[in-house]
Amino acid sequence: MPELPEVETIRRQLDERITGRVIRRLRVFDPMTVSPDTPRRLARRVAGRRIERVSRRGKYLRLELDGGDTLAVHLRMTGQLHWSANGDGPPEPYRRARLELDDGSAVDMRDMRRFGRIWLVPAEHPDAAAYWDARTGVEPLGPGFTAARLGELLAGRRAPVKAALLDQRLVAGVGNIYADEALYQARIHPLRPAGDLGPDELRRLHRAVRDRLKAGIDSGGASIDRYRDAINARGSMQDLLAVHLHAGEPCPRCGTTIEKIRVAQRGTYVCPGCQPPPR
DNA sequence: ATTTTCCCCTGCCGGC
DNA sequence: TGCCGGCAGGGGAAAA
């Protein structure tokens, strides 16, 4: 569910509220949430540690603790983090874990489908930077993401350009919604082979990826289904989506009926008028 | 090496 | 009404 803009929204809210706090205890209600670690081992490791900052890499949230350990969180499809000042979040059937802090506040992790995970990246990990680099590529809103860099990442690839955008090891943080919207804005069909894009198309795609992700952050994320931010509020990016979830409706730019197709095993929305199909 | 398929899990929706 | 298949913002392992 949450893509880069949703995770960044949550990161900002948590960083503001829990940085400097000390973890009183970690309670795990669903062991699967911390597997393959055990609730007991993880809880013992983080208890009493101070949260130095809350950072993000792609769709990964990181609670950086004193001593160098990092408590990593990935929300996957239906995960949510909810902060409450007095620790009494609303009763939740899907609550999987809870972080209790020294000021009486708490962060609850909720997750209907149980794909979300919390795990520790230990300070003694041989190379913390390599750990994250193995999972996540360039940050699309960072200085390393340029049209030229995007071209290098896509060069020679025969997979559909949308599949490449969804590959977190190339560009980190783009998910199904923002891939559709960026490709539409760039007027590039999602089935085009990634390596076939020309210089102008790469420039348009680079600009569109950044533009749509920024719009997502400015909107507080897209609350299409279950997404809520860290204070249980909805975002408004769903109101700005041009094609995603709009199959059967006219394209806002050319009036052609928007189609739903399947690309990289994901539902994909495309305007066949604006985004000329390959071949 | 790259790309595709399957799987993890729960809930919902449409078709029969 | 009830059952069944398919699908849902994710990524990792295994297979091709």
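A, B, ... follow the sequence lines: proteins, then strands. Residue 1 opens every chain.
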Among B:dT3, C:dG11, B:dC8, the nucleotide that comes nearest once only the side chain of A:Tyr60 is considered: C:dG11
Contact list for DNA chain C against residues 259-272 of chain A - heavy-atom distance below 4.0 Å: A:Lys260, A:Arg262, A:Arg266, A:Gly267
Any A:His74 side-chain nitrogen or oxygen under 4.0 Å from OP1 or OP2 of C:dG11: yes
Spacing between A:Arg169 atom CZ and C:dA13 atom P, to the nearest angstrom: 10 Å
Whole-angstrom distance between B:dC7 and C:dG5, as gauged at atom P: 15 Å
A:Phe115, nearest nucleotide to its side chain (from B:dT10, C:dG9, C:dG10): C:dG10
Nucleotide B:dT3, atom C1' - distance to CG of A:Leu165 in whole Å: 16 Å
Criterion salt bridge (charged side-chain N to carboxylate O under 4.0 Å, His left out) on A:Glu6 and A:Lys59, from CA distance to verdict: CA-CA 9 Å; A:Glu6 289 74 31; A:Lys59 303 171 191 171; over 6 Å; no
Whole angstrom value for the distance that separates C1' of B:dG11 from CE of A:Met112: 5 Å
Watson-Crick/G-U partner (both atom distances under 3.5 Å) of B:dC7: C:dG11
Test applied, side chain to side chain contact (heavy atoms under 4.5 Å, CB included); reference residue, A:Lys162; option that passes from A:Val263, A:Asp167, A:Val270: A:Val263
For atom CD of A:Gln238 and atom C1' of C:dA8, their distance in whole Å: 16 Å
Nearest-angstrom distance from the residue atom CG of A:Leu245 to P of C:dG9: 7 Å
Check against side-chain hydrogen bond (donor to acceptor under 3.5 Å, both in side chains), A:Ser55 and A:Glu64: CA-CA 7 Å; A:Ser55 61; A:Glu64 299 180 24; 2.6 Å; yes
Mutual orientation of the aromatic rings belonging to A:Trp132 and A:Trp119 [parallel < 30°, tilted 30-60°, perpendicular > 60°]: tilted
Any donor-acceptor N/O pair under 3.5 Å between B:dC9 base and A:Arg113 side chain: yes
B:dA1 versus C:dG11 - spacing of their P atoms, nearest Å: 22 Å
OP1 or OP2 of C:dG11 under 4.0 Å from side-chain N/O of A:Arg76: no
Ion pair A:Asp239/A:Arg234, N-O distance below 4.0 Å: no
Among C:dG9, C:dG11, B:dT3, the one nearest A:Lys59 by side-chain distance: C:dG11
Watson-Crick or G-U counterpart of C:dT1, or none if no pair lies under 3.5 Å: none
Salt bridge present between A:Arg12 and A:Glu8 (N-O < 4.0 angstrom): yes
Rounded interatomic separation in angstrom, taking CE from A:Met109 and P from C:dG10: 15 Å
B:dC9 OP1/OP2 closer than 4.0 Å to side-chain N/O of A:Tyr94: no
Nearest-Å distance for atom pair CD/C1', residues A:Gln168 and B:dT3: 16 Å
Min side-chain heavy-atom separation A:Thr70-A:Leu63 under 4.5 Å: no
Nearest-angstrom distance, P atom, B:dC9 to C:dA14: 16 Å
Side chain of A:Ala222 - closest among C:dG9, B:dT3, C:dG11: C:dG9
A:Arg96 CZ to B:dC9 P, straight-line distance once rounded to whole Å: 11 Å
A:Arg40 atom CZ, over 12 foreign heavy atoms within 6.0 Å: no
